[in-house]
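One structure is given here, and the rest of the page talks about it.
None of the values given here were measured: they were computed from a predicted structure. Only heavy atoms go into these numbers, but all of them, side chains included; no hydrogens, no water, no symmetry mates.
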Amino acid sequence: MLSFLYDNERRALMSIGYACLTVGVPNTSQKSCMLKNASEENLSKIIEWNLNSLENIIDYNIKNDIKLFRISSDLIPFGSSTANALPWWDIYRNDFLRLSEKIKNSGMRISMHPGQYTVLNSPSEEVVSRAIEDLNYHAKVLDSLCKGAQHKIILHIGGIYKDKEQAIDRFIKNYERLDSRVKRRLVVENDDRSYNISDVLEIGGILNIPVIFDDLHHQINPPYSKRDEVYWIGECRKTWKEEDGKQKIHYSQQNPNKRIGSHSESIRINEFMDFFNRLDTKVLDIMLEVKDKNLSALKCINCTSGAKNIKVLEEEWSRYKYSILESSPANYLAIRKLLINKKEYPAIAFYNLVELALDEKIIPGNSINAAQHVWGYFKDVATEREKAVFLKSIDEFREGKTSITTIKNKLFKMAITYNREYLINSYYFVL
DNA sequence: CACCGTCAAGTCGCA
DNA sequence: TGCGACTTGACGGTG
């Protein structure tokens with residue numbers, strides 16, 4: 001079947017992924033601690049917890065065919081600080097080995113991205129040496145998980161300090177101080193205030209390292225030269241060598257209710273498809289930066305990987321269902337109707353309706369209706385006491401004495417207790 | 001158990 | 001020169 005070939009071919013070309021955390025995936029939370037609590041005992045507990053969460057994330061990615069993922073810099077608390085003297089790569093060697101097998105066998109591409117506080121071009125030697133230590137830490141995590149140089153560390157250039165030329169020179173000079181294990185993975189990215197894509201291409205060109213194009217940063221902080229994103233993505237492509245793997249870009253959308261640069265709650269699919277269709281090649285990986293994480297990754301994957309079986313959308317529907325019922329009973333019915341014909345694959349239409357529904361203002365009566373539907377999964381097994389508690393909380397919600405979140409949390413606990421997998425995977429508890 | 005101030009990192013604008 | 005704002009998600013103390 002042609003669509004099958006197309007599907008596989010397209011998938012081999014492009015991976016779409018998400019960063020650091022998941023939404024609605026059980027047992028994937030991260031822990032951290034404050035400096036004053038960074039005892040060896042406490043740190044060990046947290047690292048163990050975080051590695052277990054990471055394994056669950058990787059399992060989830062494999063199960064859902066998500067082949068691009070950014071690991072949180074907080075995986076090891078104070079990983080680049082003397083506050084954490086644990087040889088964690090050694091202590092948890094077996095865990096890292098198991099994880100690296102899973103990553104390798106699934107063909108997943110991993111990355112890491114030190115935040116805005118890792119500044120290689122600072123005039124302060126203290127700050128620079130901490131940045132170098134931090135990059136060493138990131139390389140150590142990646143080396144423990146994946147061998148190839150296609151698994152990248154993404155870094156911003158840093159500050160300006162009232163003299164951009166000198167600041168760039170300092171970046172270039174300090175780059176040379178980096179360990180080869182960092183250098184082979186290091187790529188640089190444009191930011192939303194100081195270094196635009198033209199600046200970063202210049203720096204990447206001098207250092208002969210790949211450049212990541214970040215679309216939202218580019219919209220906020222474009223170079224003087226007026227060229228469109230497709231042009232700049234093409235320029236960045238030239239910086240990616242064979243051993244670096246596929247070109248990688250960052251994509252996010254503005255949150256209309258927050259300050260410039262804030263990431264949107266979800267990827268608006270029409271806007272994304274417009275961008276996707278304008279790309280002059282599909283041979284690149286797209287890292288999404290968005291609040292709803294894996295949810296948007298699945299959305300974009302399902303809308304760009306050619307025709308799939310409608311089962312994919314039915315699975316998504318099973319997870320979105322009760323959120324949609326809560327926010328928009330009308331769209332709930334519209335989506336059911338859309339998915340009746342099992343020979344079609346109306347992915348974009350489906351996500352359009354989901355977005356429309358979730359944008360609606362929630363009416364308390366609809367919240368109660370959805371909660372009662374979810375309660376239906378327990379009505380045969382719940383104890384009298386559980387039933388009384390539920391009915392009472394619905395009454396309290398009606399009177400404004402409790403929040404729907406509290407009710408949802410109780411329902412989620414019951415989903416765990418009675419092992420209702422269908423509900424445990426539902427976005428109802430997180431959207 | 002829900003809520004909200006605090007933490008951790010470095011830069012930059014403004015007194 | 002020094003202080004507050006900025007960012008992000010989890011902690012940790014309060015009610």
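- Two residues are said to be in side-chain contact when any heavy atoms from C-beta on lie closer than 4.5 Å; Tyr18(A) and Ile57(A) meet this criterion.
- For Lys413(A), counting side-chain heavy atoms from C-beta on, the closest listed nucleotide (dT11(B), dC1(B), dA2(B)) is dC1(B).
- Looking at heavy atoms from C-beta onward, Glu189(A) lies out of side-chain contact with Val200(A) at the 4.5 angstrom threshold.
- Cation-pi geometry between Arg170(A) and Tyr161(A) is met: under 6.0 angstrom from the ring centre, within 45 degrees of the axis.
- Rounding to whole angstrom units, CG of residue Asp192(A) and C1' of dC12(B) are separated by 14 Å.
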Protein-nucleotides 10-15 of chain C N/O pairs under 3.5 Å:
{"residue": "dG12(C)", "atom": "OP1", "partner": "Asn37(A)", "partner atom": "ND2", "Å": "2.2"}

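- Figure legend: Lys299(A) and Phe350(A) shown without cation-pi pairing, the cationic atom not lying both under 6.0 angstrom from the six-membered ring centre and within 45 degrees of its axis.
- Between the CZ atom of Arg130(A) and the C1' atom of dA9(B) there is a distance of 9 Å, rounded to whole Å.
- A salt bridge is defined here as a Lys NZ or Arg NE, NH1 or NH2 lying under 4.0 Å from an Asp or Glu carboxylate O, and Lys173(A) with Glu176(A) fails to meet this definition.
- Phosphate contact (OP1/OP2 of dT11(B), side-chain N/O of Tyr161(A), threshold under 4.0 Å): present.
- Summarising the geometry, the separation between CD on Glu133(A) and C1' on dA9(B) is reported as 16 Å, rounded to the nearest angstrom.
- Nearest-nucleotide mapping onto DNA chain B: of Asn121(A) and Thr405(A), the residue sitting toward the 5' end is Thr405(A).
- Residue Lys162(A) has no polar side-chain atom (N or O) positioned under 4.0 Å from OP1 or OP2 of dT11(B).
- Between dG10(B) and Ser122(A), no contact under 4.0 Å exists linking OP1 or OP2 to a side-chain N or O.
- Rounded to a whole Å, the CG atom of Leu35(A) is 6 Å from the P atom of dA9(B).
- Salt-bridge formation is detected for the pair Arg177(A)/Glu125(A): a Lys NZ or Arg NE/NH1/NH2 atom is positioned less than 4.0 Å from an Asp or Glu carboxylate oxygen.
- In this structure, Tyr117(A) atom OH and dT11(B) atom P are separated by 10 Å, rounded to whole Å.
- Residue Lys410(A) places none of its side-chain N or O atoms closer than 4.0 Å to OP1 or OP2 of dC1(B).
- Computed from coordinates, the Leu120(A) CG to dA9(B) P distance equals 18 Å when rounded to whole Å.
- Remark: Arg193(A) CZ is loosely packed, at most 12 non-hydrogen atoms of other residues, nucleotides or ligands lying under 6.0 Å away.
- At a threshold of 4.0 angstrom between heavy atoms, the contacts of Lys258(A) with the nucleic acid are absent.
- dT11(B) atom C1' lies 16 Å from atom CG of Asp163(A), rounded to whole Å.
- Using a 4.0 Å heavy-atom distance criterion, Asp134(A) is classed as making no nucleic acid contact.
- Atom C1' of nucleotide dG13(B) and atom CD1 of Ile160(A) are separated by 14 Å, given to the nearest angstrom.
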